Every structure is written in C-alpha cells, then in structure tokens.
A.B. asks: 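Take this structure first; my questions come after.
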Amino acid sequence: MSYAKLKQRAQQRFIDWLDKRQPATPSLALTQGVIYILPSRFGWWFSFLIILLYLLGTNYQNNLILLASFVLMSVLLSTMVLAFLNVHRLRLTVTDDAVTYAPLPAALTLKITANLCQMLQIRLKGQRHVQLLEYVAGTDAFTLMIPALDRGCYSLPRLVLKSDYPLGLFTTWSYPALQTQIWVYPEPVAKYTDTEQTLPQATNTPPTTQNELQPTDPTLLRAYQQGDSPKHILWKRLPAAPQQPVVRQRGAPLQSLPEWVHVPLLQGPALEHALSHACQQLLDLEAQGRHYGLQTATAQIAPASGQLHLTRCLQELALC
Amino acid sequence: MVQAFASLKSYLDSQVLGQPALTEGILLALLANGHLLVEGPPGLAKTRAVNALAQGVEGEFHRIQFTPDLLPADLTGTDIYRPETGQFSFQSGPLFHNIILADEINRAPAKVQSALLEAMAEKQVTVGRNTYKLPELFLVMATQNPLEQEGTYPLPEAQLDRFLLHLKVDYPDSKTELAILRLTRAEARHDASLAAPKISQTDIFAARQAILSLHLAESLEQYIVQLIMASRQPAAYSAKLSNWIAYGASPRATIALDRCARARAWLAGRDFVTPEDIQAVFHNVLRHRLILTYSAEAEGINTDQVLDEILQLVAVP
Amino acid sequence: MLVGQLRLPNAFACQTLVLHLALLALYQPALPLWNTLAFLGLLSWQGWRLYKDQPALSKKHLNWLMAPLLLLLLAQISQLGVLNAMLHILLLAAVGRGFTLQQRADAIQLIWVQYFALVCCFIFYQQMAMALAIFGLLLLNGYLQHRLFAPANAKIAPKRTLLLGMITLPIWLGLFLVFPRLPPLWQIPNQNMASTGLSDTLDPGSIEQLVQSDALAFRVSFTTEKPPREEWYWRAKVYEDFDGRRWQRNARFTSRQLDTLSRNALQTMSQSLPASREHVQYQILAEPSYQRDLFSLGLPLSGSTSLSMQPASLLANPLPLTQRISYSVISALSPLPLESATERQLNLQQQNANPRTRQWGAELAQAHQYDAAKIVTALTAYFQQQAFFYSLTPPRLGRDAIDQFLFESRVGFCSHYASATAVVLRAAGIPARVVGGYQGGEWQQNQQYLLVRQREAHAWVEYLLHDEWHRFDPTAAIAPERILSGLEQTLSIEEQALLSGWQNNWLGQLALQWSHLDYLWSVWVLGFNQQDQQQFWQRLLNWPYWHWVITSISVASLILAGMYWRWRRSLRSKTKANVLRGKLSRAFNHQPPLGMTVAMWLHQIAQHNTEYAPLLLEINDLYERSVFASDALAEQQLLQKLQQHRRLLRKHIYVSK
C-alpha cells in the first residue's frame, strides 16, 4: 500500500519535473536536454561479463582475455554514444488535432523527421500499446494510435520514445510532450423515430433559382444608397415611396434559410443521446451543403457552412 | 484550401485578361487582410476584377463612384429620425459591405477621402456618438486615374500607407487585347464561361490564420528589416539613393511586406517564405510609401527605379 | 518489450549454429572424444531441424534433452577438472539455448553465453592466427547481437562500422596499456595437457624424435651484447640418475621444499646487479610446454620475480607452462658452483652395466692421474681420432648400450655421446652429469631475436673440476659444425630431407615471416605484463623531453583554442544563409550579385545550361528548403549534391559573368 503510494508520488514528481523541463510544444527536436540514457538490463549483464572476463584474464594472467574484456568495454562505451546519436535531432511535429467519433479509437498523424533513426518504439505514457518504427530516414508521416476514449477533448499525454539500438546495451528514452488535442465527438446516431421533424427536407425549402426571379421577395431588396447604380432601382416602387427608392440587390442571393440544430439542456445518458443526434444532423446538413447553426445550452454558433464550420460545431458538441 | 484560392485566381484571370498582377494583388490584399490602391488609365477592367472577386467569394459587393460632391455621410450612412418611433435610427451607408470598389477616389474632396481611409484603418465607422463595426471581411479597392489631373484632390501622402498595396496597371499588349475582344463578344452572346468558385468567409479567415503561421526564416526577417531601413537611411547604402529619397517607409511597410510575402508564399503552395516572395511584392508594397526628393523628380526618377536600386543594394540571404 | 517479441532475423539460427560448430572445434583440447561426438550429434540434429524448418523446442522438451547430458557431465567431473567442466557447461548452455530460439528476447542470453565461451578459448590459443580467428568469431557474435536490435532488413554500412572501429581502437588500446593489472587473485584450475619438449628421462633415442619437430620451443632477445654462438647452451634439465641405459632426473628436482629454500639464491631483477662484461641479460619467451622447467644460459644471477631457482642452477616456473610466458634473466657465462657434497656423491653413482666402458674409464683415470681436465682432453681426442659418426639414424643398441656404442657401432646422436661421456667420467671418478636443453637457434637478423625450435634439442655433459661444474660437449668434438652452424650442416642430404621438406620453398619463407609477426605479437601483446606496464610508465615519466612536449602542446592548444574561438565568432556573425550562399558560389566559381536571390541566379544559369536545368532547379529547391524552411535534411542533401557534382558545376556549367 505504502509502496504503491510512494511509487505514485515518485511518478508524479517525475512528471512535474518533466513538465517544467519540457512544456508541450507543437514541434520538438530531441536534444541533449530531453534524451535520457540508461544501461538496459542486458547492458548490466554485459558489464558483469566484462568484469568476469577481467577476473578470468587476471587469474590466468592471460593478456588476450584481458584484451577481449577491454574491447567489450570500448564497445559498451561507444554504444552509449551511438544510442544517443540514433535519436538525437529527431523532430516530432503535429499538424492537426486527432479527431474521432465516440466509440472509435483516434489516430494522430505525427510528422517525424530524422537523419537516420532505427528501431524507435513509441507509446503514450500510461499506455501499454507500443508502436515500432523500424526505420526513419528523412521525413515520415506516422500514425499514432490512441486508445478509445469517451466524448470530450483531451490534451495529448506525453509520448514515450524508446530505443535499444544498436546493441541493446543502452536504452534511450525521451518523454516529449506535444501540444495537440484529441477531439472525441459524440457518436453520430440517426433519430429514427422522428426523422421528418428534425431533418429538414429538401421540399421544405424551395429551390433558390425560383426565388431569384421574384422581385418582391423582401430579402432581395434594400434601400437605395449613394453609389448604387440607377439601373437597379425598382422604378415601380418609386411612386409608393418617393423618398426611399428601393434597389434590387445584386450578387448571389442567399442559398437557403439557415437551419438550427438545438441541443437542449440535459444531463447524463439523455444528454449523450441528444448529442449523438445533433452530431448526425450536423453531418447530414453539411453533406447537403446547407447553412446551419448550432444552439446548445451554453453556446451558440452562427449559421454558416463549410468544413471548418462543421468542425467548430462538432467541437462544441464534444465539449458539452 | 490553397487549391480553392488557386482556382479563384484562375477564375479571376479568365475574367480579367492580361492583368495577372492586378488579380494577384487583389488576392494578396484579400489574404493579407489589407486594402489596395490601383492606379491606371480608365477601362482596364478594374471594376471587372473586383466584381469577379465578389463572385468568387461569399460576400457583398458595392461600388462607390467618388465625385466632387460626395459627402462623408454618403459613405458611412447617417442617423435618420423616425417619426413613428420618435428616435434616430442608423441607416448604414455603402461602406457596410464586404468588398468595396472606391472608383476614382481622387475625385472626391479630402474630407470624404479621410472618412474612407479612417474606416479602412479602424474597421469601424463613427456617426454621431455611436460607433458601428464594419463586417469582418472588409476589402477596399480604390482606383486612381493618372490621366486627368484637373479637378482632382490628390490623396494625403501620410494617409496613403493605409493601403497595403499600390498597384499600377497599364494597357495590355496586342495579343491580350485580342483575347479581351473575344471574351467580351462571347459574353455578349451569353456563352458559358468558367464557373465562379465559392469561398466562404470562414475559409478566408482560416487561410489568413494559416498564412500567419507560415515559416519565415530569421534571415528573411532580417532581410525585410534591412530593405525598410535602406529606404529610411539610404545614405548607408549609396549616396545616389540618399539623394533621391526624402522620406522612407513607415513601420506599417515592414508589417505589410511581411504579410504580403507570406500570402504570396502560401498562394504558391509553399509552407515557407523565400526571398522571391519578398522581392515580388516589394514594389507594390512600397510604391506609395516613399516620398522622393525634388532632385529625384528633376532627374526624372520615379519610385519604381528607386525601389529597384534598393533591391540591388541590400544583400539577399 | 516489443523488440524482444519480434521474430528472429533471417538466418540467425544458422549463424549461431556455425558459431557453435566453431566453438566445438576450438574446445577440442578440453573435450574428451565421446563428449565431442555427443555435441556433434546435437549440433547435427539442430542443423537437420533447421534444414527442415522445424519449430523451436519447448522448455520442457529441452530439459528432457539436457538432463542426460548434464548427468554424463557430472559423472565425468572428477576427471575433467573444474576448468574443463566449466567449458562443458558453457558449451552445453549455448547449444541447448540454440534449440529454443523463437523470439529475439530468447537470443539475448545466448549472445551473452557465446561471448563468454568464445573468450574462454584464449586459454588454449594465443598464437596470432588463432587469436585473430577468435576475435573474428567475437565480431560475428557482435554482429548477431546487433541484428537482434536492428531492423530486420537493415544492412551494415561498412564505412560507418570501420569509422566506429577506428574510434574504439584508442579506447581499448589505452585500457590495455593503462588499466591496472593484478596478480592472480586465487589459484586457478588447470587443464591437463601432455607435456612437450624434453622429458624427465633421457634414453639414447629420445632426442632424435624431438629434433624432427619444427615446433617452436622459445625465443630469445638479448638486452646486452649477444654472446658467440658456441655459448648458446640453453640449459633446461639435469639428469643425474643412470640405470645403465637411461638417464633420469633426480628426485631433488621434483620435491617442493627445496624450491623455497633455493628461491633466495636468485635475486629478483629489481635488485640491480652491477653491470659486468661477463654478464648477459636476455629475455625469453617460452612456448607452453606443460612442464615447469625454463631455459637459461650458464649461471643465472637474477631474473623476473615469478621465477624460482632449482638445484643445479636451473630455473623453473611455479606452475607448469600452460601459456606463453616471457621472463628475463641475467646470467654469468661461467662454470656453475657445486651446491653440496651430496651433489658430488650423486654424480659419482655407477651401475653394473657397461663393464667395458667402466673399465676404460678407470684406465683413463690412471693414465691421466685422475686429472679431470686431462681426462676430458683425452676423451675429446679419442672421439676425434676414432671413426665416430654423428647421425640422426643410429643403429639400435642392445643391453650394454654404452659399450656397444663406444666400441662397436660408433654412430650416434648427441644423447649417445653425452650419455657415454658421463658414464666414462664417472667411471674415472669424476662427478659428471648429463644436461638436457637446446643448443643454438636461428638468429633473425632483421628482428634481432633468436628463434629456438624443438629440433635444436641437445644433450651435453657437465663435470666437476675444482668444485665447479664445467661444460663438456662431446658432440662438438665429433661434429663441430653442429655447434657452430646448426644441425642441418652436419647431416647428410637424406637426413636433411628427413628434418623437413618444405622449409626452403616460398611457403616456408612465408611461414617464417609469419613467425616473426607472431614473435612481435607475443612480445607486445601476450608478454605485456604488470612489470612492463610499470616500466612503460617509468620510461614515460623519465623521458627527458617532457617539459618540451607539455609546453608545445599547451602553446598549440592555446593557438587552436584562439582559432576555434575566432571561427565560432565568425560563424555566429554569419547566418546559415551566408554560409550556404558562400558554398554555392564556390561550387559554381561565381558569385550571385548582392541583391539577386539565389533562385533567380540559378534560373538564369539554367537558361544558359538547359541540359542541366533539372539539377540546377533541384539545387535551388534544396537551398530554399534548407535556408528558409530550416530543413536540416535538405541542407545535408544540398551539400551532398554539391560535393557529388562539384566537377560538373565548376567545369561544364556556363555562367555568364
């Protein structure tokens, strides 16, 4: 019990120390300050072998055995340098956040740049799943698998980079922290029971091309302003309001009426349900190329369309 | 996203023949969040270019013809008394649009020009006691006609540098002229031309963000600063140059140069800026920000020649 | 541990099998025949399994396989001795692990055991060729280890590996020279080996067999002036007991207590002896003979610390020689002192055999008034005047061997003459004994050392005169060439052919060169001991030019530091762009104008050199990426590209100036 507590406290100390030493950044090159080298277990055995051989050589007064132990010793020392150089100046860059829908595990694309780095093991701190990068020369895109998480937004935990290259005598570690988020959006679930009500139908909004020709549509008219071309003035209306000429608006008319997606104030499973439906709705609306806005209990996003807008809406859902 | 802007550029080029510098300048101003001043003889498709831009971008376009009798309120709008409610309500003027063509800006008196320039710099309009915000996407393209000098009010030089870019356009060559002829004929016959791409405002803002995060090497930052410094302290570079320049570029020029170079690099699909980008936008950015000496004018030296000289004297990384 | 769970690299098991076979061959000195066969069986089974691509054995199956072998080993342990048992266990562990290899993690222990087992081979083999071979196997093991921790299809970069070797070289060389050496910490178990060289008994035929061997006995380098060839009598053994036919060592050489008593007689080297002209100082590098006896000239006065003095002024090692040792001795080339009265008595003993010889001896004594010197002269004269022959193939001798030899066959080898002379002298009442050792050797003029082979084995006589033992070599009387120029000169052509056939052709020359190399190897690598280390340091410290070296080094380092500092400062003031732009202009032998970007410059050049345009554009791209995108990789590629095409860029690219 107390041992576990002690271990936990030591772990926390270590993490605090790391945070102070290397705060999260979007891009990080491994340098002397963030690479840690320790002999591996085999490295200790190897040192033991060297001592054993030294004793054997001494007892037999055999120079060749001594020589062999010295050669192994120099191999041990130079391996330390090689192990360092293997990961030295490795650069990790995150370009985008990791994005996924609730039950699915996310994947984060990392850009790894190295002169030559071999047998790099990557995992997330606190996770057991390890991914192996056998060979990095130049710039590689690497997909880091992230375990399945609940809906929400998480900052990426520290990575653990580890390598035993070249002889397994030394293990080089690094704990880089990268500044990026893992967005887990709610699971999109279509609402089967009342699809008609929530999903706007194409028939609800008449095609915009018909609208264009109707000059009486108030949305396409506005008051005359200085600089407006006289060609656009609706002369028919002038007698009705001679002080306020009305012009026909040029340019593209609005495509359609904006659609609002509402998330009511709920809690627990009901909220999750509502979020799932809202998510599906948003995806459908975007697929149809419509204008839509999002209204949640805490925030409101004005109607717009486009991939960026969709992302903003989905992020709002994830944070609900 | 770059693709979308590339297709917008090709759309603009298809609509405005023979003026690639103009279309590029418009796009740069859009991406760098600035305004541009275009100088050239009439009939060079300036209006057409802005119009085409308004087609390709989600936003409202408005053209304002500057005339000597224009009043500031004609731009900004006025408070109108509503007898029904007994209150003043604000009737917004033509400035409350996303893309504005201020045609022949030097025909309006200084008062009107100032109102426009202030709105451009502050992105808001003050009428009476109230301040009204202009839309987030706000691009002004002002034109100037160098041919008719009579009855014009030259723009105040100190305020000129509120424009990010100062473009000079000239008559196209014969080949382009022919293409223009055919294009207008085809249009008159309602032939289908290239469909305008639609770029949403969010996309534009995202692009602006992406441009700001582009990599600009330290040596290039130095280069930009050196270029501006050369305009301010030309004596350090050559005696000839110091003879020509009366006043150098302001800090706004440094910022403008940085932004435009970034935007150009981004449009080219690169994720870093090269000295080419800086040199390419250098003339347009600095043209309206230098004040030449009397002797330079006497020698018949124009601003472009001075800028060429600066480019040759400052070491490129 | 993810890497540990990976599949073994290709051909890993085959390579370990090769390594195990090599180990088995190398362990032959320690393995009885049956055990060798058992291991061979195991290994061939493993080979067959690999050939058939069968899966690895489980731990349980392996235990069933190993248990009987371990039992067999336990049964043999008393015969084998501790060292050999350890080697058996190492081999068994390695071979057994080979059966269960599945993942990379399994192989790590195997690598460890193989390192240990391979280094243990140095106990048996120290010749240069074998040592190099074993180091080669160690390298193979290191390669196997590397493959366990490297990508499956990674290739070894020879240049990089070589560079690494060059870097590690000073480390281990330095450790070898500097790292403190300790005396043996505890008594070590020894391997049982058949001894080589002179045996403890000498019968008429024993040396003839020895002289047909080309094997190296020892090598000598003289620190002082080398004595003349006729003084090269390397004493190794003294035979004092005669049974009528065969000479034997006296028991006093094998008893232990005398060892300690006489140890004081030999001063250690550190107590410096007054240098004298008669004294000879030399260093001997003895091959392993599995005997304790060492070789010395005349009367040894002082020697290396480890040596012990035996009776009859012989030197011995505390333990049998299991490996090459090197020791140095200072000797006086003078008659040896009589050690005790018992020694005189011991060397007067006679046997009943050989009546004619004894009678002749008595007659000689009477004729020369018991004067030892005169008797010896008479003997020499007798051997010279009568028809005595020196031969490698003497006829077989019967019961009274000496009688038969002296008065009938008169054909014999050095042991015959020495043996007969000693018997005659004893019969004449003069204490005499037979000394076994080596005479002569091949002087290597270029390398300045004396090479003594087994065929230089020789026997001669020491007789007592005025309480001093004097050397008398009857062979010198019959065949003086033997002493002055070596054995071959005294033998007939057929007998020379008997010695060896291939010594004279180019292969023999090559072997000789190799032997020189081996000598250097022995002196510098095998012979380097604690004492040498101390001397090395002492010589280094006593070197008179130290202050010069130190001042010059410090001045040089100051200058270098200043240059480095200036270089760093200039580097700091120069940006990367400046550096690379400079490199580009040097590569093209032309500088772009101040205000012109590299891209524009290169495009201009490309317009003039359309055939190289792709290369130029690539250079431009790399330059831009390295300078403006801070891409270190692109920078490297750019430098590589410039280096690769430097000829082309300088000569073939037209640059308008």
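Note that the coordinates shown come from a computational prediction; the quantities given were computed from them, not determined experimentally.
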A.B. asks: Indicate yes or no: at least one non-hydrogen side-chain atom of A:Leu116 is less than 4.5 angstrom from one of C:Arg160.
C.D. replies: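 The answer is yes; the side chains approach within 4.5 Å.
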A.B. asks: Closest heavy-atom contact between C:Pro151 and A:Gln118?
C.D. replies: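 Heavy atoms only, the tightest pair is CD-OE1, 3.1 Å.
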A.B. asks: Give a yes or no on this: more than 12 heavy atoms of other residues, nucleotides or ligands lie within 6.0 Å of atom CG of A:Asp150.
C.D. replies: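 Result for CG/A:Asp150: open.
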A.B. asks: C:Leu6 vs A:Met119, test: side chain to side chain contact (heavy atoms under 4.5 Å, CB included). Steps then yes/no.
C.D. replies: CA-CA 11 Å; C:Leu6 289 180; A:Met119 299 305 267; 3.9 Å; yes
A.B. asks: Mind checking the CD1-CD1 spacing from C:Ile123 to A:Ile65? Nearest 0.5 Å is all I need.
C.D. replies: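 Reported to 0.5 Å precision, the distance equals 4.5 Å.
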A.B. asks: Pick one of side chain, backbone, both or neither for C:Tyr125, based on which atoms fall under 4.5 Å of a heavy atom in chain A.
C.D. replies: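 The answer is the backbone of C:Tyr125.
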A.B. asks: Of all the heavy-atom pairs spanning C:Leu138 and A:Ala68, show the shortest one and how long it is.
C.D. replies: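 Heavy atoms of C:Leu138 and A:Ala68 come nearest at CD1-CB, 4.5 Å.
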A.B. asks: Got more than 12 heavy atoms from elsewhere within 6.0 Å of OH, A:Tyr154?
C.D. replies: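 Yes, the 6.0 Å shell around OH holds more than 12 heavy atoms from other groups.
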A.B. asks: Do you know which two heavy atoms are closest between C:Cys120 and A:Leu56, and how far apart they sit?
C.D. replies: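 Between these two residues, the closest heavy atoms are SG-CD2, 3.9 Å.
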A.B. asks: Do the side chains of C:Gln126 and A:Asn63 get nearer than 4.5 Å, heavy atoms only?
C.D. replies: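 Counting from C-beta outward, A:Asn63 and C:Gln126 never come under 4.5 Å.
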A.B. asks: Which of parallel (below 30°), tilted (30 to 60°) and perpendicular (above 60°) describes A:Phe42 and C:Phe149?
C.D. replies: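 A:Phe42 vs C:Phe149 ring planes: parallel.
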A.B. asks: Testing the basics here: between A:Ser78 and C:Thr168, what is the closest heavy-atom pair and its distance to 0.1 Å?
C.D. replies: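 Looks like OG-CG2, 3.2 Å.
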A.B. asks: So which of A:Val81, A:Asn115, A:Thr139 has the largest heavy-atom pair count under 4.5 angstrom toward chain C?
C.D. replies: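 Maximum pair count with chain C is reached by A:Asn115.
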A.B. asks: With a 4.5 angstrom heavy-atom cut-off, is it the side chain or the backbone of A:Leu120 that approaches chain C, or both, or neither?
C.D. replies: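 It is neither, since no heavy atom gets under 4.5 Å.
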A.B. asks: Between A:Leu66 and chain C, which part of the residue has a heavy atom less than 4.5 Å away: side chain, backbone, both or neither?
C.D. replies: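 Contact with chain C is through the side chain of A:Leu66 alone.
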A.B. asks: Does any heavy atom of chain C fall under 4.5 Å from the side chain of A:Ala114, the backbone, both, or neither of them?
C.D. replies: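 Only the backbone of A:Ala114 comes within 4.5 Å of chain C.
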A.B. asks: When you measure from the side chain of C:His146 to the backbone N and O of A:Leu167, does any donor-acceptor pair fall under 3.5 Å?
C.D. replies: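 Side chain of C:His146 to backbone of A:Leu167, a donor-acceptor pair under 3.5 Å: no, none is there.
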A.B. asks: Can you check whether C:Leu175 reaches A:Met73 side chain to side chain, under 4.5 Å on heavy atoms?
C.D. replies: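 Yes, close enough: below the 4.5 Å cut-off.
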A.B. asks: Would you indicate whether the side-chain heavy atoms of C:Leu173 and A:Phe70 approach each other to under 4.5 Å?
C.D. replies: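 No, too far: nothing below the 4.5 Å cut-off.
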A.B. asks: Tell me whether A:Asn62 contacts the main-chain N or O of C:Phe122 through its side chain, where contact means a donor paired with an acceptor under 3.5 Å.
C.D. replies: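 Yes; judged by distance alone, with no hydrogens or angles, the pair exists.
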A.B. asks: Measure C:Gln636 against the heavy atoms of chain A and call it side chain, backbone, both or neither at under 4.5 Å.
C.D. replies: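 Contact with chain A: side chain only.
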A.B. asks: Is chain A contacted by the side chain of C:Leu148, its backbone, both, or neither, given a heavy-atom distance below 4.5 Å?
C.D. replies: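 For C:Leu148, neither part sits under 4.5 Å from chain A.
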A.B. asks: Near A:Arg89 CZ, under 6.0 Å, is it more than 12 heavy atoms from other residues, nucleotides or ligands?
C.D. replies: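 Count not over threshold, so no.
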A.B. asks: Relative to chain A, which segment of C:Ile167 carries a heavy atom at a distance below 4.5 Å: side chain, backbone, both, or neither?
C.D. replies: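 The answer is neither part of C:Ile167.
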A.B. asks: Are the side chains of A:Leu49 and C:Val119 in touch, meaning some heavy atoms are under 4.5 Å apart?
C.D. replies: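 Counting from C-beta outward, A:Leu49 and C:Val119 never come under 4.5 Å.
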A.B. asks: With only heavy atoms counted, which part of A:Arg123 is less than 4.5 Å from chain C, the side chain, the backbone, both or neither?
C.D. replies: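 Answer is neither: A:Arg123 stays 4.5 Å or more from chain C.
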A.B. asks: For A:Arg21, does the CZ atom sit with more than 12 other heavy atoms under 6.0 Å from it, leaving out its own atoms?
C.D. replies: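 Result for CZ/A:Arg21: enclosed.
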A.B. asks: C:Trp112 vs A:Phe48 aromatic rings, parallel, tilted or perpendicular, using cut-offs 30° and 60°?
C.D. replies: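 Taking A:Phe48 first and then C:Trp112, their aromatic rings lie parallel (interplane angle under 30°).
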A.B. asks: Mind checking whether C:Tyr115 and A:Phe46 have ring centres under 6.0 Å apart?
C.D. replies: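 Yes, the ring of C:Tyr115 comes within the 6.0 Å limit of the ring of A:Phe46, centre to centre.
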A.B. asks: Has A:Lys111 got more than 12 heavy atoms of other residues, nucleotides or ligands less than 6.0 Å from its NZ?
C.D. replies: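 Not buried by this count: 12 neighbours or fewer within 6.0 Å.
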A.B. asks: Check the surroundings of atom CH2 in A:Trp45: do more than 12 heavy atoms from other residues, nucleotides or ligands lie under 6.0 Å from it?
C.D. replies: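 No.
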